[in-house]
Amino acid sequence: MELANLAAFLAVADAGGFSAAAAALHLTQPAVSKRIAQLESELDARLFDRVGRQVLLTEAGQLLLPRARQLLGDANDARRALRELEHGIGGSLRLVSSHHIGLHRLPPLLRKFSARYPQVALELRFMDSEQAWHEVLHARAELALTTLGPTASPLQATPVWHDPLHFVAAPSHPLAQRTRLSLSDLSAHPAVLADPGTFTHRIVADAFAARGLPLQLRMTTHYLETIKMLASVGLAWSVLPQTLLDRSLLRLPVQGVALSRQLGLITHSGRTPSKAAQAFTRLLLQQAERG
């Protein structure tokens, strides 16, 4: 149904006549009559009866009246929301983040974003990087902050942080007593690493596979903080990012190997980003430039 025809219908119903409706709409009476005729033809129902000088709603007109008000009200609300969108940033932003980024990279960004854009309703969830990619792929999230791996269309990856990875062990671990180590030395001892399905695990596994060395896995888990705890009590050596290192762990002097990963932003190339998403991305990249 044409909104202009519905507006004419409401004007006639409210004014009680075609002449008064035409004056209210700044149209001629024949133009209003034409719009009512078009609406009646489209609905295949008579909407008004002309009884003498009176114009009365038919049963079909009475049924249409509240629905026409609702439709035009919704249309006006949509126009108002779009006008407001041109002048400000609001609405909602669905964001997913890996646990590690959420704990160690995201807090200052969230603090600044919420202060600058208080009208944005931020929907934030934490999950594994691989799962976060699926959320963006299936339009259940607009942005994802994750460990980056090989991407394929329609997903797009924007590197934000370079994240060096270090071989570590508890000070009491036999490997911690050595001044020089190779991957062959580590291969002789059990490791605790991220789950095999994660990008971080693949980085470590590929380094060993490239040298034809096996990995002894004592345990795997999705949570780097758990891995840190297990390594710090001496159960196994591990590989962890710089942000998790403290005095409970020693960096192992492994020669000839430098591991790192990229952390960044995952978006869907087929989606037009909301203004809230554009604002969040700008802040994210500005923060990354400042280090």
Side-chain angles (χ1 to χ4, degrees), residues 96-112 124 126-130 132 145-149 159-211 213-264 284 287-291:
V96 291
S97 171
S98 72
H99 296 70
H100 180 73
I101 293 176
L103 286 173
H104 299 281
R105 305 279 187 173
L106 202 50
L109 179 62
L110 289 178
R111 191 178 301 116
K112 182 175 292 186
L124 174 61
F126 297 97
M127 59 188 64
D128 301 327
S129 292
E130 295 73 23
L145 291 170
T146 73
T147 302
L148 300 185
V160 178
W161 301 284
H162 178 70
D163 200 34
L165 299 171
H166 301 282
F167 295 98
V168 297
S172 59
H173 194 282
L175 290 172
Q177 316 309 315
R178 305 274 295 275
T179 57
R180 289 175 64 88
L181 291 168
S182 66
L183 288 189
S184 180
D185 296 321
L186 269 63
S187 183
H189 293 263
V192 56
L193 297 174
D195 278 341
T198 63
F199 299 132
T200 303
H201 182 99
R202 292 175 209 167
I203 292 170
V204 180
D206 287 349
F208 279 79
R211 293 160 176 81
L213 296 171
L215 265 174
Q216 293 189 50
L217 294 176
R218 171 160 285 177
M219 195 179 302
T220 62
T221 175
H222 279 282
Y223 302 106
L224 295 182
E225 285 73 16
T226 303
I227 293 174
K228 174 186 174 182
M229 181 276 291
L230 295 171
S232 68
V233 299
L235 290 184
W237 63 267
S238 189
V239 174
L240 290 171
Q242 174 73 37
T243 47
L244 283 180
L245 302 191
D246 58 28
R247 286 181 293 181
S248 69
L249 293 166
L250 287 181
R251 294 188 197 177
L252 299 178
V254 180
Q255 307 299 307
V257 183
L259 302 183
S260 66
R261 60 183 187 170
Q262 287 287 340
L263 309 178
L284 173 67
Q287 177 181 295
E289 288 175 2
R290 298 189 190 105

Roughly how far, to the nearest 0.5 Å, is CG of Asp163 from CD of Gln262? 8.5 Å
Applying side chain to side chain donor-acceptor pair (under 3.5 Å) as the test, list every pair that has at least one member in residues 229-241; sequence neighbours left out. none
Measure across Leu250 and Ala176 and return the closest heavy-atom pair with its distance rounded to 0.1 Å. CD1-CB, 3.9 Å
Sub-4.5 Å side-chain heavy-atom contact between Glu130 and Thr198: yes
Spacing of Asp128 atom CG and Ser98 atom OG [to the nearest 0.5 Å]: 8.5 Å
Supply the atom-to-atom distance Ser97 OG to Leu109 CG, rounded to the nearest 0.5 angstrom. 10.0 Å
Could you check if a side-chain atom of Leu145 sits within less than 4.5 angstrom of a side-chain atom of Leu284, using non-hydrogen atoms only? yes
Pairwise side-chain contact, Arg105 with Trp161, heavy-atom cut-off 4.5 Å (strictly under): yes
Evaluate the side-chain proximity of Leu106 to Leu124: yes if any heavy-atom separation is below 4.5 Å, no if none is. yes
Any Gln287 side-chain heavy atom under 4.5 Å of Lys112 side chain: no
When you measure from the side chain of Arg261 to the backbone N and O of Thr147, does any donor-acceptor pair fall under 3.5 Å? no
Could you tell me which non-hydrogen atom of Leu244 sits nearest to which non-hydrogen atom of Leu224, and how far apart they are? CD1-CB, 3.5 Å
May I ask you to test the Val254-Leu183 pair for a side-chain heavy-atom distance under 4.5 Å? yes
From CA spacing to verdict: salt bridge (charged side-chain N to carboxylate O under 4.0 Å, His left out), Lys228, Asp246: CA-CA 10 Å; Lys228 174 186 174 182; Asp246 58 28; 2.5 Å; yes
Give a yes or no on whether the backbone of Leu175 and the side-chain of His173 come within a donor-acceptor separation of less than 3.5 Å. yes
With heavy-atom distances below 4.5 Å as the criterion, would you say the side chains of Gln216 and Leu186 are in contact? no
Tell me the closest heavy-atom pair linking Ile227 and Leu193, and the distance in Å. CD1-C, 3.4 Å
Verify side-chain contact (heavy atoms from CB on, under 4.5 Å) between His222 and Met127, making sure each step is shown before the conclusion. CA-CA 10 Å; His222 279 282; Met127 59 188 64; over 6 Å; no
The test is side-chain contact (heavy atoms from CB on, under 4.5 Å); show your working for Leu245 and Val168 and say whether it passes. CA-CA 9 Å; Leu245 302 191; Val168 297; 3.6 Å; yes
Within-4.5 Å side-chain heavy-atom neighbours: Phe167 and Val257: yes
Which atom names give the shortest non-hydrogen contact between Thr146 and Ile101, and what distance separates them? N-CD1, 3.4 Å
Exercise answer: donor-acceptor pairs, residues 201-210 side-chain atoms, under 3.5 Å, sequence neighbours excluded:
| from | atom 1 | to | atom 2 | distance (Å) |
| --- | --- | --- | --- | --- |
| His201 | ND1 | Ala194 | O | 2.7 |
| Arg202 | NH2 | Gly197 | O | 2.9 |

With rounding to the nearest 0.5 angstrom, report the CG to CG distance, Leu148 to Leu263. 7.0 Å
How far apart are the closest heavy atoms of Ala236 and Pro190, and which atoms are they? CB-O, 3.3 Å
Assess whether side chain to side chain donor-acceptor pair (under 3.5 Å) is satisfied between Glu225 and His104, documenting all intermediate values. CA-CA 11 Å; Glu225 285 73 16; His104 299 281; 3.1 Å; yes
Is a donor from one side chain sitting under 3.5 angstrom from an acceptor on the other, for Ser129 and His100? no
Interatomic distance, Ser182 atom OG to Arg211 atom CZ [nearest 0.5 angstrom]: 9.5 Å
Between Pro171 and Ser248, which heavy-atom pair has the shortest distance, and what is it? CD-O, 3.4 Å
